[in-house]
Amino acid sequence: MSHYQYIASLIGNLLIALLITACSDNSDSPEAQIRQFIDNTIKHTESRNYSKLSDMVAKDYRDQKGFNQQQLLNTIRAYSLRHKNIYLLSKIESIQLQESNRAFIVVFVAMTGRKIESINSLTSLSARIYRFELQLVHQDKWQLQQANWKKSDIQEMLE
């Protein structure tokens, strides 16, 4: 095999590998689905799309305050009524798949009334920062089944 044939073969194999990688859709992985779930939660909260949010919370939802699904959604609505603008920025700290249909997520969320350009701009925005521990369950789709949260700070979010 000549030097040029060898290089052409390597390039051909590389292209085939890239095509296979491009065609194998990793967006269907549980972790990718969970990241999309978090992104959608942020988007629907900011846009006050309560019907979409309702669909993302399991019927048997419970949290640290003893809230059920309806009480959680009412709390989100009340927060929305008290604040003209809601902007959120999330940072996923960890995703642990516990079973094929359960996941435990730790996510930081910064909440403010002004658009958040970047995580570095949070200090000038007086953002409220929370650390959420979320339990998701997957039946036909990922849904929030349990949540615990506490106030946090910018330093913990940036770590």
Side-chain angles (χ1 to χ4, degrees), residues 20-159:
I20 289 172
T21 303
C23 292
S24 64
D25 186 4
N26 287 336
S27 65
D28 289 336
S29 74
E31 184 172 329
Q33 291 173 8
I34 290 166
R35 288 183 184 282
Q36 187 62 54
F37 177 91
I38 298 296
D39 289 346
N40 287 341
T41 302
I42 299 292
K43 179 178 74 173
H44 298 320
T45 301
E46 287 179 337
S47 67
R48 303 164 198 261
N49 191 335
Y50 305 118
S51 63
K52 294 278 187 182
L53 284 171
S54 176
D55 195 40
M56 298 175 78
V57 180
K59 298 286 184 214
D60 62 346
Y61 170 84
R62 288 282 181 243
D63 64 31
Q64 68 196 29
K65 295 185 179 226
F67 285 3
N68 62 26
Q69 179 199 44
Q70 194 58 51
Q71 290 167 314
L72 172 69
L73 295 169
N74 288 342
T75 301
I76 294 170
R77 282 187 189 97
Y79 184 87
S80 297
L81 290 172
R82 286 192 309 269
H83 297 87
K84 181 180 174 184
N85 297 313
I86 300 172
Y87 295 99
L88 307 172
L89 178 72
S90 67
K91 178 189 171 206
I92 298 173
E93 181 178 279
S94 65
I95 297 174
Q96 297 173 345
L97 295 170
Q98 297 171 329
E99 299 171 19
S100 63
N101 67 338
R102 293 198 176 281
F104 180 76
I105 297 97
V106 176
V107 62
F108 288 91
V109 177
M111 302 178 186
T112 185
R114 295 187 310 199
K115 188 158 176 66
I116 305 170
E117 298 299 328
S118 71
I119 200 163
N120 296 327
S121 68
L122 288 177
T123 53
S124 65
L125 292 176
S126 303
R128 292 184 189 144
I129 299 173
Y130 295 89
R131 181 181 189 271
F132 289 88
E133 296 176 355
L134 308 174
Q135 179 79 41
L136 301 185
V137 63
H138 188 276
Q139 289 163 344
D140 292 331
K141 59 188 169 206
W142 287 104
Q143 288 187 306
L144 178 63
Q145 187 174 48
Q146 192 174 34
N148 294 308
W149 63 89
K150 66 177 184 172
K151 282 189 174 185
S152 186
D153 59 44
I154 186 72
Q155 294 307 318
E156 192 177 6
M157 186 174 187
L158 292 174
E159 290 177 357

Between [atom1] on residue [X] and [atom2] on residue [Y], distance to nearest 0.5 Å:
X: Met157; Y: Arg131; atom1: CE; atom2: CZ; value: 12.5 Å
X: Arg114; Y: Asn85; atom1: CZ; atom2: CG; value: 11.0 Å
X: Gln143; Y: Lys141; atom1: CD; atom2: NZ; value: 5.0 Å
X: Thr75; Y: Gln70; atom1: OG1; atom2: CD; value: 10.0 Å
X: Phe37; Y: Leu144; atom1: CZ; atom2: CG; value: 5.5 Å
X: Leu72; Y: Arg62; atom1: CG; atom2: CZ; value: 11.5 Å

>> If we check side-chain hydrogen bond (donor to acceptor under 3.5 Å, both in side chains) with Gln145, which of these qualifies: His138, Arg102, Gln135?
In response: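 Considering His138, Arg102, Gln135, a side-chain hydrogen bond (donor to acceptor under 3.5 Å, both in side chains) with Gln145 is found only for Arg102.
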Which pair of heavy atoms, one from [X] and one from [Y], lies closest together, and at what distance?
X: Asp28; Y: Gln33; value: O-NE2, 2.8 Å
X: Ile105; Y: Ile34; value: CG1-CG2, 3.7 Å
X: Trp142; Y: Ser100; value: CH2-O, 4.4 Å

> Can you list the residues that meet the side chain to side chain donor-acceptor pair (under 3.5 Å) rule with Asn101, with sequence neighbours excluded?
Replying inline: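 Asn101 satisfies side chain to side chain donor-acceptor pair (under 3.5 Å) with no residue once adjacent residues are dropped.
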>> So, using side chain to side chain donor-acceptor pair (under 3.5 Å) as the criterion, who are the partners of Asn68 when residues are at least two apart?
In response: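 So Asn68 forms no side chain to side chain donor-acceptor pair (under 3.5 Å) with any residue.
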[X] side chain vs [Y] backbone, donor-acceptor pair below 3.5 Å:
X: Gln69; Y: Ser54; result: yes
X: Arg77; Y: Tyr50; result: no
X: Lys91; Y: Ala110; result: no

> Among Ile129, Ile38, Thr45, Leu88, whose side chain to side chain contact (heavy atoms under 4.5 Å, CB included) with Val109 holds?
Replying inline: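 Output: one option passes, namely Leu88.
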I'd like to check [X] versus [Y] (side-chain heavy atoms, cut-off strictly below 4.5 Å). Are they in contact?
X: His83; Y: Met111; answer: no
X: Arg48; Y: Ile86; answer: yes
X: Gln146; Y: Phe104; answer: no
X: Tyr130; Y: Lys151; answer: yes

> How about Tyr61 and Asp63: does a side-chain donor come under 3.5 Å of a side-chain acceptor?
Replying inline: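 Result is yes, a qualifying pair exists.
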>> Is there a side-chain hydrogen bond (donor to acceptor under 3.5 Å, both in side chains) between Asp39 and Thr41? Walk through the geometry before answering.
In response: CA-CA 5 Å; Asp39 289 346; Thr41 302; over 6 Å; no
